[in-house]
Protein chains: 2
Amino acid sequence: MAHSEHRSDDALPVESTPTTSAVALAVSTVIFALRSDGEGGGASLRLPLVRRIREPFEGEWALPGGPISAHEGLAAAAGRNLLSTTGLTPTYLEQLYAFGDTDRSPGERVVSIVYWALVRPDQADRATVGDNVRWFAADELPRLAFDHNEIVDYALWRLRTKMEYSRIAHAFLGETFTLAELRQVHEAVLQRELDPANFRRQMESSHAVVPTGERLTGGRHRPPRLYRYNDSAPLIDNGPLTSA
Amino acid sequence: MAHSEHRSDDALPVESTPTTSAVALAVSTVIFALRSDGEGGGASLRLPLVRRIREPFEGEWALPGGPISAHEGLAAAAGRNLLSTTGLTPTYLEQLYAFGDTDRSPGERVVSIVYWALVRPDQADRATVGDNVRWFAADELPRLAFDHNEIVDYALWRLRTKMEYSRIAHAFLGETFTLAELRQVHEAVLQRELDPANFRRQMESSHAVVPTGERLTGGRHRPPRLYRYNDSAPLIDNGPLTSA
DNA sequence: GCAAAAGTGTTTGGTATACACCCATGT
DNA sequence: ACATGGGTGTATACCAAACACTTTTGC
């Protein structure tokens, strides 16, 4: 450790030290959307990346990110940055992890506080796309700048883990949806098929969704009920933390 | 938002911006130990706090913390700081959350990356104690500096949640232990009694612990088997992240 | 009528809980 | 002997998965 050891009195809470540190602070976001590929009902997880226009890693793909300005919270910084780089407004936004290895950015010390976000397909369609912003399939990423491959892996793990015990799947869908659509979201994320009958019972018993009374017509089969997300049901989720 | 909006090209990944931001970066740690209170087998969660010797919140109790130096990782910074302020070496150390509300430190913008740690009783006994470092019962804390009460609440929630599906209880114990001791750790953390018979079966089926073959004599009853933590068993835990 | 998906019912196996009961040691 | 916790056995309840079956639409 290069740092000289502090005496106890010296190293008491730092929040009083007004010296800005030599460590740069940034916010990045892993954004997930579910997009149907081709024709079959199968959908796949996709995420937008931006091309770096400076060294290091100039020309390579990276997570959208930016600096934190002094007068905005972390989640706000993530949301603002997200909007300005990709044009996206997330339905769901949560802190993922703070990455701070000393060697993650060549020549410079950067600590990145990474968020992960879910967006709906209609929002994703409206997103900026161009030479410097492009969507990739989450399981077919190129080699990314910095430690961003690791970060995406971790975000994917969190998404999949959380899908099993929480109810975030609706963040990929519109206001109303059928149980089949909701199930297909689960199937696409978890990468396995689910029994429609059991899935229905799980959703009903969890009270995560409520029927709207309407049905979706137009399919060449029995018209399914439309459901809406149940906002009043409690999330057994983030513990004491409400925001984020 | 006081910050002017970035143009897309402008706000691409920041890791290249060498300007140090106006935001201070710190590391703090919530340290838990299990200490038997009085005589009964009952133990309670306790944590060490340090007294602030500067404004803001001078004289109030706060979590141990300090700045991040340029050439050490986040977990290393937490560990070093922990050692220098309290003399403790944790058995378990994990990142909790990055706290960065704009108003959490009066007059200054501080982002704190908070870790949580578990220490064994023998380590806890060796810890520095004095006018500026004192142990408190986790459920009888005074009003702390900054948002540290919130942070401790969140750490407690994480500890309790994780205790139910992971195997971190052994971090509170020595090299070998009886199942009764391990069960008492669970009971103290979860604040409810557990059936000894069922607890035994859960531990056996999870293969989290292995019998050493030895027994603990000296009690005025049948000598219980001693167990050791099973390092080779997988933790279904932090996903792709290995360190921390 | 037939295909296709919605929706219901039933069986089954695993797992958590409660609790009765025996075992081995110190006093 | 008896008190105390160690350790085993077992009945019950609950829950998730598997799958057979009925319903309702479009063609």
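For the numbers below, each heavy atom of this structure counts, side chains included, while hydrogens, waters and symmetry mates do not. All figures in this text were calculated on a predicted structure; none of them were measured in a lab. Just so it is clear: chains get the letters A, B, ... in the order the sequence lines come, proteins before strands, and each one is counted from 1.
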- Item | Closest nucleotide among dA24(C), dT17(C), dG7(C) to the Asn198(B) side chain | dT17(C)
- Query: Does the distance from a Lys or Arg side-chain N to an Asp or Glu carboxylate O, for Glu164(A) and Arg192(A), drop under 4.0 Å?
  - Reply: yes
- Query: When the distance from CG of Asp195(B) to C1' of dG6(D) is rounded to whole Å, what number comes out?
  - Reply: 13 Å
- Please give, in whole Å, the distance from dC21(D) P to Arg200(A) CZ? 20 Å
- Interatomic distance where CD belongs to Glu193(A) and P belongs to dA16(D) [whole Å]: 20 Å
- Message: Would you say Gln202(A) places a side-chain N or O within less than 4.0 Å of OP1 or OP2 belonging to dA17(D)?
- Response: yes
- Task: Write down the distance between CG (Leu216(A)) and C1' (dG26(D)), rounded to a whole number of angstrom.
- Result: 14 Å
- Query: For the side chain of His221(A), counting heavy atoms from C-beta on, which of dT8(D), dG9(C), dA6(C) is nearest?
  - Reply: dA6(C)
- Given atom CD of Glu204(A) and atom P of dC15(D), what is their separation to the nearest angstrom? 15 Å
- Ring centres under 6.0 angstrom apart (Phe199(A), His186(A)): yes
- Arg225(B) CZ to dA24(C) P, straight-line distance once rounded to whole Å: 11 Å
- Query: For the side chain of Pro223(B), counting heavy atoms from C-beta on, which of dG7(D), dA24(C), dG26(D) is nearest?
  - Reply: dA24(C)
- Between dA17(D) (P) and Glu187(A) (CD): distance, integer Å: 13 Å
- Only residue of Asp147(B), Leu49(B), Leu63(B) satisfying side chain to side chain contact (heavy atoms under 4.5 Å, CB included) with Val152(B) is Leu63(B)
- Query: How would you label the contact of Gly219(B) with the nucleic acid (heavy atoms, under 4.0 Å): base, sugar-phosphate, or nothing?
  - Reply: sugar-phosphate
- Tyr154(A) and Trp116(A) aromatic centres sub-6.0 Å: no
- Toward the 5' end of DNA chain C, by each residue's nearest nucleotide, Arg215(A) or Arg220(A): Arg220(A)
- Are Arg183(A) and Glu187(A) ion-paired here, with the side-chain N under 4.0 Å from a carboxylate O? yes
- Task: State whether the distance check finds a donor on one side and an acceptor on the other, under 3.5 Å, for side chain Arg183(B) versus base dG6(D).
- Result: no
- Query: Separation of Leu179(B) atom CG from dG5(D) atom P, in whole Å?
  - Reply: 16 Å
- Message: Taking atom types as they are modelled, would you say the side chain of Arg222(B) forms a donor-acceptor pair with the base of dC23(C) within the 3.5 Å cutoff?
- Response: yes
- Please evaluate the base of dG7(C) for a donor-acceptor partner in the side chain of Arg201(A) within a cut-off of under 3.5 Å? no
- Task: Classify the nucleic acid contact of Ala180(B) as base, sugar-phosphate or nothing, counting any heavy atom under 4.0 Å across all strands shown.
- Result: sugar-phosphate
